[in-house]
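A short write-up of the structure that comes next.
Values in this document were obtained by computation on a predicted structure and should not be read as measured data.
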Amino acid sequence: MQIILRKATLDDLDKLIRLRIDYSTEDKGQMPPKEEHAITAQLKKYFPKHLADNTFIAIFAELDGKIVATAYLAINEKPANQAFPTGITATLLNVLTYPEYRKKGIATKILHRIIEEARHANVSYIDLSSTPDGKALYEKFGFKESEKYTPMGLRLI
């Protein structure tokens, strides 16, 4: 099995959207058409803007020209502190391997590559939200649960 890793470009806009929808569907179940339409409309604006300014990176794993896995990295700039001295942080998201390609080391290869891209972008800290199935993989790379902080959120919409 010859897996090719590559960085997404603007030419991949439809693929990026489809992968985001596939990830969301796998994570939260089928979405109503109205919601999928709204998400697609936002992504059609988001991806070109953030690919162009290098604040979004996606890595694809392809087998025979077919995308079998992916991971996204959304890069942000914040006021620096001891935890992120460059002021540049990132969120790892949309880590997706289609079921028939799981447990073959593909996600490991993608994570190596996306972490390399993050280092190149001067990211000093990467956060993520893990499913129980993905936790061991992330720990293998050195991701840790915060000892001091509990992830929290407030949904406004």
Side-chain ion pair, R18 and D14, N-O less than 4.0 Å: no
Does the side chain of D53 come under 3.5 Å of the side chain of T55 through a donor N or O and an acceptor N or O? yes
For F84, what are the other residues in its hydrophobic cluster, where any two members join if their side-chain heavy atoms are less than 4.5 angstrom apart? Y125
May I ask you to test the I17-E36 pair for a side-chain heavy-atom distance under 4.5 Å? no
Mind checking whether L51 and L16 have side chains closer than 4.5 Å, heavy atoms only? yes
Going by the side-chain contact (heavy atoms from CB on, under 4.5 Å) test, name the single residue among R113, R119, H112 that passes it with E116. R113
Measuring from [X]:[atom1] to [Y]:[atom2], what's the distance to the nearest 0.5 Å?
X: I115; Y: I110; atom1: CD1; atom2: CD1; answer: 12.0 Å
X: K109; Y: I3; atom1: NZ; atom2: CD1; answer: 6.5 Å
X: I67; Y: I59; atom1: CD1; atom2: CD1; answer: 11.5 Å
X: H50; Y: I57; atom1: NE2; atom2: CD1; answer: 13.0 Å
X: L111; Y: L128; atom1: CG; atom2: CG; answer: 8.5 Å
X: L73; Y: T91; atom1: CG; atom2: OG1; answer: 7.5 Å

Parallel, tilted or perpendicular for Y138 and F143, by the 30°/60° rule? perpendicular
Please name all residues satisfying side chain to side chain donor-acceptor pair (under 3.5 Å) with R6, sequence neighbours left out, ordered by chain then number. D12, E62
Just jot down the side chain to side chain donor-acceptor pair (under 3.5 Å) partners of N54, sequence neighbours excluded, or say none. none
Nearest non-hydrogen partners of [X] and [Y], listed with the distance:
X: F141; Y: L137; value: CD1-O, 3.3 Å
X: Q2; Y: L63; value: O-CD1, 3.5 Å
X: S130; Y: K135; value: OG-N, 3.1 Å
X: A69; Y: T97; value: CB-OG1, 3.5 Å

Is it true that atom CG of N81 has more than 12 heavy atoms of other residues, nucleotides or ligands lying nearer than 6.0 Å? yes
Check the surroundings of atom CD in E145: do more than 12 heavy atoms from other residues, nucleotides or ligands lie under 6.0 Å from it? no
Keeping the roles fixed (side chain from T25, backbone from I21), state whether a donor-acceptor pair exists under 3.5 Å. yes
Taking I88's backbone N and O only, do any of them form a donor-acceptor pair with S124's side chain (distance below 3.5 Å, no angle check)? yes
Given the rule in the ring pair (Phe, Tyr, Trp, His ring centres under 6.0 Å) test, do Y72 and Y23 qualify, once you have shown the distances and angles that lead to the verdict? CA-CA 11 Å; Y72 293 176; Y23 175 84; 8.3 Å; no
